[in-house]
Structures are given as structure tokens and as C-alpha cells.
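Because only heavy atoms are used, hydrogens play no part in the values below, and waters and symmetry mates are left out as well, while side chains stay in. Residue indices begin at 1 and follow the sequence shown.
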Amino acid sequence: MDQSLFIYNTLTRKKEKFEALNPPHVGMYVCGPTVYSDVHLGNCRTFMSFDLVFRYLTHLGYKVRYVRNVTDAGHLEGDAGDQGEDKISKKAKLAQLEPMEIVQKYTVGFHDIMQVFNVLPPSIEPTATGHIIEQIELVKVILEHGYAYEVDGSIYFDVEKYNQNHNYSILNRRNLEDMINNTRDLGGQDEKRGALDFALWIKAKPEHLMKWPSPWSIGFPAWHLECSAMSAKYLGHQFDIHGGGIDLMPTHHTNEIAQNMAACDKMPANYWVHTNMLTVNGQKMSKSLGNSFLPQELFEGNHTLLNKGYSPMTVRFFMLQAHYRSTLDFSNEAMEASEKGFKRLMNSFTLLDNLNASSTTEVEIALLQQRCYDAMNDDFNSPVLIAELFEASRIINSVYDNKLKIDAKNLEMLKNLMNDFIIDVLGLKNEQAANDDLPKVLDMIVGLRNGAKMNKDYATSDRIRDGLQQIGFQLKDGKEGTTWSKM
């Protein structure tokens, strides 16, 4: 049976069969965080989405080298890359700290949140400041090829000249004249030959905190340059997948392609993959609208927009219930529905070891398993996969309640399916199992209830059952005795 994986390629605007350049090896580069503040939920969604891609490719047997950078210098306030103040330096001045103290604080915070969300670490996590030499060398090559020019110690990329031989808008598909007309008149514009030209190296002003020597000036690399330099260093001039949030596509990724093509005349990645944004009650999440909150606020529920807190795995489950290319709208109602759905799925998962095989079967798990693969092979369609896992959950509950028969072969396949797709691919964890002492306490309480029932003290038995239900635990009385599960 054909198990081909299809990925939506932003470059071609269509789904394409995935064919690795050097199978079984896969190179994937994802634009990581700029570490000047706490990571926000929109970014978390992007990194969770590529965690899903990383996990599934690994599950299929690919040996993935996953590179996700950390921007610790060069990202200015104007996201075009060469206007405004360095975001990290600005934060450092306000806090009266060294820039690297800011970098350290928010890099550690980013890693902590990724761990809480069970996001696997990348294979390599390079930093912009750790690759100044590589960025300077890349600028030299682009200058030698005639696609950049120097103005008073700063180096700019010549978009108009580049566009004579290449298609600058190959990724964003915007009309070049319209882009020029829509370009704002910003500081530094007078130095440039063209309105769309962007900085590769910026001469530092005396008060600038983060700067390095180069052949042109004491300065710093511009934001777009680092990803071109680091992806080429660790994955080669051509690799398989380049990813990031959809907001990076129009400018950052467009400029990356131009830099790489200008340097070596090769499209850096075969597949360009972009995640969509997170909205709140239909509005874009932003600090100015007061609808932006941090992951920790979501866990604790201490924000005016939140009715209560939600566990990290509930949040992960919520995000995976939407396709990575669709807009995901946050609301308390959506979160509460996800919380119930996640608990229902994990409750059935915990019943797997208590199922008994029959000599005959009334269900064929191979068909369900194939549908799970079909979902993921269709551009990592996690919501369809989750729907199939709920069907698996229904089968588990029916077998547990002796309403459905399953033989040993299909039972083993069912266990493998749930482990493969819930744990390995979706990266969900059973939070109920996080407290090792909890099962012992609950088993003891169940034992007390059983004792009350044996003594025909049904009032106490019912109080224990109802009390456990009020705090989120359900008891089931069966032929093999009483079992508990989290609701």
C-alpha cells in the first residue's frame, strides 16, 4: 500500500509528494525565537507544529537533522531587518543589563516552555552571535557576485539587480512595482539605491552595544543573513524543508532565498512550510488589544480573558486539533472542549493494559491504522488523525465494557497504534501519571470503598464514589473488580 507523504509547499502553492534529497537523511531548518522577551503562544504553536513534523518524519524512519536557530543579535525593531534599534540591546538598556544577560534569561525561559509542552529539542540550535564569521564570509561572496554594494561601512543587497537574473518574488508572489510603491519612507532609506534593498551588514552607531569587526566597519549582521549562513553551514546549500510562521514568508524568507541564490545560485530548500497564526475570539493576538497572554498565564488562569487555567498537554492537544496551515482561534469554550476531549482520549489510553483478548474479533485495526497514516501523509493532518484516534478510543471502551470482541493480534495492533500516534507522533503525555503516588492513594481509596460494600455500608460506598467524581475521578465496577480513571 502506498505510504507517500505529501506536503503543502508555499513555493508552489500546492501539495507535493515528499522526496528527500538524500534519503533516509532529511535536513530541516526552522526559524527560531528572538530572545528578548518571553515566548508567546503564537510562537509556541509554530514550534509545536514543526515538532509534529519532526516526530512524524522520524516515525517514518527518516534520520532528521533539525536545525532551529536562536536570534541573539541583529533583529531590529523594524522587521524588514535594517531599521530601528536592536530588540535585545533595547531591552538590555531598559533593564540596565548586559545584552547577553537578556539573551541567557529568555533562552532559558524558551527552553523551559518547550520542555513543558513536550517539544523535542532540535538536532542543532545555532546562534547568530556564534556565527559572525560565517555571515561575514557570506556577505563577501554576495559582494563578489555583484548583488550587493557598500555605503559608508554598511552593505546592502541590490534587489533590482538581483531581479534582472532571478525572480525576487518567487516565494511571496508580490508584484515588484507594487512592493516598491508600498515601501514606507524609513530612516536609512537615503543610503539605499532601491526602495526594496535590504541590509546585510550594518555599521554600528557609537552607542550600539552589540558589534563586531568586519572588512567594512565595526558593525553587526542584519537579521535575514543569519538564517542563510547557518542553514548552509549545517544542512548544505540545498536541503529538504525550511519552516517558520506565515508572517516570515513575505520578507524574511523572501530575502533568505535571494541571499542564497545570489551566493550559490541554488534554491536553499525544496519545501517551504509555513504555520498560520493564533487569534483570540476572532481577533489577532496582540499586546495593544489586551488579548495577548503568556503560556504561564494560560497554565495558571491568571488573565482577565481566562475563566481558568489549563494544563500544558490540554494546550498542546488544543493546538493539534487544528491543521497547522489554518488559523487557530482561542476561546475559553474551545479550551474547555479540548480539555474534555484530551481527558477522554487519555482515559481510554490508560485502559489498554486492562483489556482481555478473545479468540475471535469483531474489529480490524489494520484499516484504522491505515487511516491514521493517511491523515498524517496528507500534509500532517493532525485534526483528522485525532478524529481517528477517538474511533480507537471508542473501540477500547467497548472492549473494556465487554460490548466488543478483539483477538490478540488486533489488540496488539491497537496498543501499538495508540502508542505510536498519541505518544510518539502527537507528543502527548498522560498528565495523570505525572504524580507517582496518586495511583497508590486512589487504589487505597478504592479498597476502602470495596470494604464498605462488603459490609453492606452502601451509604459510605456511594459517598466515596461521588466524592471521587467531584474531584475528577471515575470508578468502574466490572467482573475483574473496580478500576478508576481520570474524567
Side-chain angles (χ1 to χ4, degrees), residues 29-52 54 66-77 79 85-131 209-210 223 226-227 230 243-245 247-248 252 275 277-278 280 285-288 290-306 309-319 328 330 335 427 429 431 434:
Y29 187 93
V30 173
C31 294
T34 300
V35 284
Y36 73 102
S37 63
D38 292 307
V39 63
H40 62 74
L41 279 171
N43 278 345
C44 290
R45 186 197 181 191
T46 293
F47 301 130
M48 262 186 253
S49 297
F50 286 104
D51 185 56
L52 178 73
F54 182 30
Y66 175 17
V67 182
R68 188 186 67 207
N69 72 301
V70 170
T71 299
D72 58 352
H75 194 167
L76 305 187
E77 290 174 301
D79 278 343
E85 192 173 356
D86 185 290
K87 293 182 177 185
I88 293 164
S89 291
K90 183 176 181 179
K91 190 68 171 271
K93 287 176 184 176
L94 289 171
Q96 295 185 318
L97 296 169
E98 281 289 327
M100 282 299 135
E101 288 182 270
I102 298 296
V103 167
Q104 180 71 6
K105 175 184 176 180
Y106 291 111
T107 300
V108 169
F110 170 71
H111 288 153
D112 288 346
I113 290 295
M114 290 299 101
Q115 191 171 18
V116 166
F117 278 132
N118 201 27
V119 172
L120 297 174
S123 316
I124 303 172
E125 194 172 44
T127 63
T129 57
H131 296 77
L209 296 177
M210 306 174 80
W223 175 39
E226 64 177 281
C227 291
M230 293 190 285
D247 57 311
L248 298 180
H252 183 57
T275 60
M277 61 181 163
L278 185 68
V280 180
M285 182 180 279
S286 73
K287 290 179 181 178
S288 60
N291 66 355
S292 174
F293 40 82
L294 299 173
Q296 200 61 42
E297 292 175 315
L298 184 53
F299 303 152
E300 296 170 0
N302 56 356
H303 191 281
T304 53
L305 288 175
L306 297 168
Y310 300 94
S311 74
M313 286 302 101
T314 297
V315 179
R316 184 177 175 108
F317 183 74
F318 162 71
M319 292 193 178
L328 175 59
F330 175 93
M335 285 302 305
K429 291 194 298 186
E431 290 168 317

Residue set satisfying side-chain contact (heavy atoms from CB on, under 4.5 Å) with D247, at least two apart, ordered chain then number -> none
One should read off an interatomic distance between T127 OG1 and E226 CD, to the nearest 0.5 angstrom, of 8.5 Å
One should read off an interatomic distance between L97 CG and K91 NZ, to the nearest 0.5 angstrom, of 10.0 Å
Smallest heavy-atom separation, I102 atom then A95 atom, equals CD1-CB, 4.3 Å
When every non-hydrogen atom of T129 is compared with those of M210, the smallest separation belongs to CG2-CE, 4.3 Å
Across all chains, not counting sequence neighbours, the side-chain contact (heavy atoms from CB on, under 4.5 Å) partners of L294 are D38, E297
Applying salt bridge (charged side-chain N to carboxylate O under 4.0 Å, His left out) to K105 and not counting sequence neighbours gives none
Taking every heavy atom of G245 against every heavy atom of T275, the minimum-distance pair comes out as CA-OG1, 3.5 Å
Q. Is the closest side-chain heavy-atom distance between M100 and D72 below 4.5 Å?
A. yes
| query | Would T314 and M335 satisfy side-chain contact (heavy atoms from CB on, under 4.5 Å), going step by step from the backbone distance to the final call? | reply | CA-CA 8 Å; T314 297; M335 285 302 305; 3.9 Å; yes
What one should report as the nearest heavy-atom pair of A73 and I88 is N-CD1, 3.8 Å
To the nearest 0.5 Å, atom NZ of K87 lies from atom OG1 of T34 at 6.0 Å
Hits for ring-ring contact (aromatic ring centres under 6.0 Å, His included) against F50, two or more places apart or cross-chain, chain-then-number order -> none
_Are K90 and Y36 packed together at the side-chain level, in the sense that at least one heavy-atom pair is separated by less than 4.5 angstrom?_
no
Quick one: are N302 and L306 in side-chain contact, heavy atoms under 4.5 Å? no
* Asked: Would you find more than 12 non-hydrogen atoms of other residues, nucleotides or ligands less than 6.0 Å from Q115 atom CD?
  -> no
Discussion item. Evaluate V70 against T107 for side-chain contact (heavy atoms from CB on, under 4.5 Å), listing each step before the verdict.
Written reply: CA-CA 8 Å; V70 170; T107 300; 4.2 Å; yes
Across all chains, not counting sequence neighbours, the ring-ring contact (aromatic ring centres under 6.0 Å, His included) partners of F110 are F47
**R45 vs L328, side-chain contact (heavy atoms from CB on, under 4.5 Å): CA-CA, chis, key distance, verdict** = CA-CA 9 Å; R45 186 197 181 191; L328 175 59; 3.6 Å; yes
Practice task
Could you tell me whether F330 and F293 have their ring centroids closer than 6.0 angstrom?
Solution key: yes
Do the side chains of V116 and P295 get nearer than 4.5 Å, heavy atoms only?
no
For G244 and T46 the tightest heavy-atom approach is C-CG2, 4.1 Å
With sequence neighbours left out, the residues meeting side-chain contact (heavy atoms from CB on, under 4.5 Å) with V119 are M48, D51, R68, M114, F117, R316
Distance col, row I113:CD1 vs Y106:OH, nearest 0.5 angstrom, shows 13.0 Å
*asked:* Could you check whether any side-chain heavy atom of L41 comes within less than 4.5 Å of a side-chain heavy atom of M319, counting everything from C-beta outward?
replied: yes
| task | Check whether any side-chain N or O of E431 sits under 3.5 Å from a backbone N or O of S311 as a donor-acceptor pair, and report yes or no. | result | no
Should L76 and W223 count as side-chain neighbours, where that means a heavy-atom distance under 4.5 Å? no
Taking every heavy atom of C31 against every heavy atom of N69, the minimum-distance pair comes out as CA-OD1, 3.3 Å
